[in-house]
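Chain identifiers are assigned alphabetically (A, B, ...) following the order of the sequence lines, protein sequences preceding nucleic acid strands; residue numbering begins at 1 within each chain.
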Number of protein chains: 2
Amino acid sequence: MMKNIPVPTIERLSALYALLCRMDKEGTQTLSSKKIGGIMGISPYTVRKDINYLTGSGKEAGYSVRELMDSLYVLFGLEKERKACIVGMGRLGCAIMNFCQNTEENIKIVAGFDSNINVIETLESSIPVFPACDIPEIVRSMDIGIGVITVPPNHAQITADRLIKGGVKGIINFAPVVIRSDNEDITIKNFHIMEEFRTLSIMMDQKEKEKRHGQDI
Amino acid sequence: MMKNIPVPTIERLSALYALLCRMDKEGTQTLSSKKIGGIMGISPYTVRKDINYLTGSGKEAGYSVRELMDSLYVLFGLEKERKACIVGMGRLGCAIMNFCQNTEENIKIVAGFDSNINVIETLESSIPVFPACDIPEIVRSMDIGIGVITVPPNHAQITADRLIKGGVKGIINFAPVVIRSDNEDITIKNFHIMEEFRTLSIMMDQKEKEKRHGQDI
């Protein structure tokens, strides 16, 4: 029985899975918690604690890359294919669709939506694109589990409500507002590109301060 | 003197800053660590520990939204305007440029680059777009501090090398490969959209398991 894993640990283990896939392709067979921590910018202790959720035992000496990958794959249910749709076929929506079509992940984009009839009629897309007002019925009939929101901020919450009405259980929101649901069965990830910039800016500022401090001594 | 803040804390404080901006706009004047933790999905203890880096004292009762915002703004150096460029003017690059132009953040996109001369000549953009081979000299002459990479994966590392040669100190990489630099002065954030999907998928899987487990009892 899997223990209930905290969200930050899930995020680190998800990043670890990506690292392992890359290392496996490069031919690396084992990795120590120290090496993993060094690449991911976290402490070896945190690495072992995270992996502990998985195997029940943290090792300092080295993990088998392939074994760890396989454990994560099964435990995280990555063998399940999940059907997803994108709402908002602007630049970001189309860019995400391209990413998803060129990946080995278990996410399959099966439908797009847009509120602009011209977009729907002129978009050259290999997947069907429908009017946004039809979201609930299309999502239900195609059994779509994940909705990706790339609409303008003022349409994000109503889009989420329509997706949830259709039965999605997961939403990734790229619009620069926070969307919410009172339904505890729904998992929502709000992703804001500007926060990436702010975090980078803060990290740069820290390095600049450290450097100035170093020169003062 | 600011203590050296760990990266996960920086990321949480950056998210907290975004939350405070929103709350301030909505008219909220104070927030407790419990309330903040509830919205951000972390424990009140972690909230107080994070804010402790900032003020030197964690409070359970309630923080002034405006005071906390101002402290974060100053301490994180958000008053500094940072000039940035985008390399790869495809859909994602253009989408990010739009985001940055419609925000109050301290990031200013001042140049774009692309390796395709047709893109450079036909793109309707309010900022100048240059050939990718000119990155080092343009970055240096315009004093650009941040580079955003939205090129295909096989061009990501060489793009990073050119940006660093020109003098950028921070890079956000959206190409689905990890880019590296041996130069410790450079801050790199690798962001992979597919990891957002994987994390969501894992969180959904956890909820499904919890629900099945609940029904078994």
Region of A:Leu19 that comes under 4.5 Å of a non-hydrogen atom in chain B: neither
N-O pairing of B:Glu208 and A:Lys80 below 4.0 Å: yes
Atom group of B:Arg12 that falls short of 4.5 Å from chain A, counting heavy atoms: neither
From B:Lys169 atom NZ to A:Met203 atom CE, the distance as rounded to the nearest 0.5 Å: 15.0 Å
Residue B:Ile107 versus chain A: region with a heavy atom under 4.5 Å: side chain
Which atom of A:Leu200 lies closest to which atom of B:Ile171, heavy atoms considered: CD1-O, 3.7 Å
Heavy-atom side-chain contact between A:Asp185 and B:Met204 under 4.5 Å: no
Selection from A:Ala18, A:Ala84, A:Gly90, A:Gly145 maximising heavy-atom pairs under 4.5 Å formed with chain B: A:Ala18
Shortest non-hydrogen separation from B:Ile202 to A:Ser14 and the atoms involved: CD1-CB, 4.2 Å
Residues, nucleotides or ligands: over 12 heavy atoms within 6.0 Å of A:Lys189 NZ: yes
Side chain proximity check, A:Thr199 to B:Tyr17, heavy atoms < 4.5 angstrom: no
Part of B:Ile193 lying under 4.5 Å from any heavy atom of chain A: side chain
B:Phe191-A:Phe191 aromatic ring centre distance below 6.0 Å: yes
Interface residue of largest heavy-atom contact number with chain A, from B:Asn190, B:Val178, B:Leu78, under 4.5 Å: B:Val178
Leading residue by heavy atom contact count with chain B [cutoff under 4.5 Å; candidates A:Ser201, A:Gly170, A:Gly77]: A:Ser201
Heavy-atom pair with the smallest gap, counting every atom of B:Asn98 and A:Arg91: ND2-NH1, 2.9 Å
Part of B:Val148 within contact of chain A (heavy atom distance under 4.5 Å): side chain
Minimum heavy-atom distance between A:Cys100 and B:Met194, given as atom pair plus value: SG-SD, 3.9 Å
Pairs of heavy atoms under 4.5 Å with chain A: top-ranked of B:Lys207, B:Glu196, B:Arg198: B:Arg198
Portion of B:Leu13 that has a non-hydrogen atom of chain A nearer than 4.5 angstrom: neither
A:Glu195 with B:Arg22: basic N within carboxylate O range, under 4.0 Å: no
Greater than 12 external heavy atoms within 6.0 Å of B:Glu81's CD: yes
Heavy atoms of other groups near A:Glu26 CD, more than 12 under 6.0 Å: yes
Side chain to side chain, B:Thr187 and A:Gln206, heavy atoms closer than 4.5 Å: no
